[in-house]
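Notes for the one structure printed next.
Please read these numbers as outputs of a predicted model, since none were measured by experiment. In this chain, residues are counted from 1 in sequence order. Just so you know, these numbers use all the heavy atoms, side chains as well, and skip hydrogens, waters and symmetry mates.
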Amino acid sequence: MIKGYYFVTDAGLSKNGNRSDVKSAIEAGVSVVQYRSKTSKMEFLLEEIKTLKNICEGKALFIINDIVGAALSVDADGVHVGQGDMPYETARKLLGKTKTIGVTVHDLKEAVLAEKKGADYLGVSPIFSTTTKHDAGAPCGIELIKEIKKNCTVPVTAIGGITLDNVKEVVDAGADAVCAISAVLTKDDVKKEIEKFQALFN
């Protein structure tokens with residue numbers, strides 16, 4: 001079940017490194033860890049995800065962003081794909097029926113279609129303006145979360161521009177999980193920062 005803080009790695013923003021961050025996320029009790037890297041060379045990436053998967057084993061879902069081949073190589077729990085990534089149908093065919101697949105959506109039409117195809121959860125992005133992901137697109141706002149919750153039954157993860165100052169309105173809109181990469185990874189104590197977000201779901 002995806003609920004609470006949804007952790008996504010970002011080595012470029014991290015003060016402590018991916019390994020330390022994922023350990024902190026697990027200690028904070030997150031239900032899912034997504035590995036995201038757009039710059040690592042494949043050999044390094046494969047070694048790193050093996051290490052991180054072991055940290056998550058039995059404690060949280062370990063999801064790979066976009067790179068289905070890497071997910072298969074370490075028997076990850078699933079993948080997350082964007083609208084411009086590998087199509088959901090292809091990812092499902094490669095991963096099989098039991099793995100978790102999340103899909104990024106930017107409007108209600110994409111959300112309904114992704115759920116109809118079989119997505120296990122929806123990543124609604126970006127909720128607010130963000131500088132973490134340069135191709136994130138225009139903010140969709142919290143009203144979209146409300147619309148999606150009325151029309152879809154799978155969990156909704158909200159990401160993009162979320163901070164401790166605005167997260168309550170995101171949770172109140174119905175988000176099952178939230179991700180706030182910059183608000184967490186740029187701080188010295190990642191566990192403590194995640195726990196502040198987790199507290200909103202207790």
Point-to-point distance, once rounded to the nearest 0.5 Å, from [atom1] of [X] to [atom2] of [Y]:
| X | Y | atom1 | atom2 | answer |
| --- | --- | --- | --- | --- |
| I63 | I2 | CD1 | CD1 | 6.0 Å |
| H106 | S125 | NE2 | OG | 5.0 Å |
| D77 | I64 | CG | CD1 | 9.5 Å |
| K23 | I55 | NZ | CD1 | 5.5 Å |
| T9 | E48 | OG1 | CD | 7.0 Å |
| L113 | E115 | CG | CD | 10.5 Å |

Give me the atom names and distance for the closest heavy-atom approach of [X] to [Y].
| X | Y | result |
| --- | --- | --- |
| V30 | Q198 | N-NE2, 3.5 Å |
| I101 | V81 | CG2-CG2, 4.4 Å |
| A70 | I49 | O-CD1, 3.6 Å |
| F62 | C56 | CD1-SG, 3.8 Å |
| I162 | A183 | O-CB, 4.1 Å |
| A71 | G78 | CB-O, 4.1 Å |

Test item: [X] and [Y] side chains (from C-beta on) under 4.5 Å apart, heavy atoms:
| X | Y | result |
| --- | --- | --- |
| T104 | D85 | no |
| L46 | S73 | yes |
| C152 | V112 | yes |
| V8 | N65 | no |
| I159 | I127 | no |
| V79 | D66 | no |
| L61 | S31 | no |
| F7 | I26 | no |

Exercise. Taking the inter-plane angle between the rings of H80 and Y6 on a 0 to 90° scale, is it parallel (under 30°), tilted (30 to 60°) or perpendicular (over 60°)?
Worked result: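 Answer is perpendicular, since the angle exceeds 60°.
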
Assess whether a salt bridge exists between [X] and [Y], defined as any Lys/Arg side-chain N lying under 4.0 Å from an Asp/Glu carboxylate O.
| X | Y | result |
| --- | --- | --- |
| K191 | E195 | yes |
| E47 | K50 | yes |
| R92 | E89 | no |

For this session: Take D21 and K15 through the test salt bridge (charged side-chain N to carboxylate O under 4.0 Å, His left out) and record every step on the way to the result.
Result: CA-CA 9 Å; D21 291 341; K15 295 185 76 170; over 6 Å; no

Problem set entry | Verdict with supporting geometry, T186 and E193, side chain to side chain contact (heavy atoms under 4.5 Å, CB included) | CA-CA 10 Å; T186 57; E193 296 305 315; over 6 Å; no

Mark yes or no for whether [X], through its side chain, and [Y], through its backbone, hold a donor-acceptor pair below 3.5 Å.
| X | Y | result |
| --- | --- | --- |
| Y88 | V103 | no |
| S14 | D10 | no |
| N166 | T163 | yes |

Problem set entry | side chain to side chain contact (heavy atoms under 4.5 Å, CB included) assessment of Y35 paired with N18 | CA-CA 9 Å; Y35 179 83; N18 283 342; 3.9 Å; yes

Exercise. Could you go step by step and tell me if I148 and I145 meet the side chain to side chain contact (heavy atoms under 4.5 Å, CB included) rule?
Worked result: CA-CA 5 Å; I148 291 174; I145 298 172; 5.9 Å; no

Problem set entry | T100 side chain to D120 side chain, donor-acceptor N/O pair below 3.5 angstrom |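 No, because no side-chain N or O of T100 sits under 3.5 Å from a partner of the opposite role on D120.
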
For this session: Check the pair D75 / K99 against salt bridge (charged side-chain N to carboxylate O under 4.0 Å, His left out), numbers first and verdict last.
Result: CA-CA 9 Å; D75 192 27; K99 298 294 185 183; 2.7 Å; yes

For this session: Group every Ile, Leu, Val, Met, Phe, Trp and Tyr by side-chain heavy-atom contacts under 4.5 Å, then state whether F44 and M42 land in the same group.
Result: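 Different hydrophobic clusters.
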
For this session: Please report the C-alpha distance between K149 and D176 in whole Å, then the side-chain angles of each, then the deciding distance to 0.1 Å, and finally whether the side chain to side chain contact (heavy atoms under 4.5 Å, CB included) criterion is met.
Result: CA-CA 10 Å; K149 289 298 292 182; D176 299 282; 2.9 Å; yes

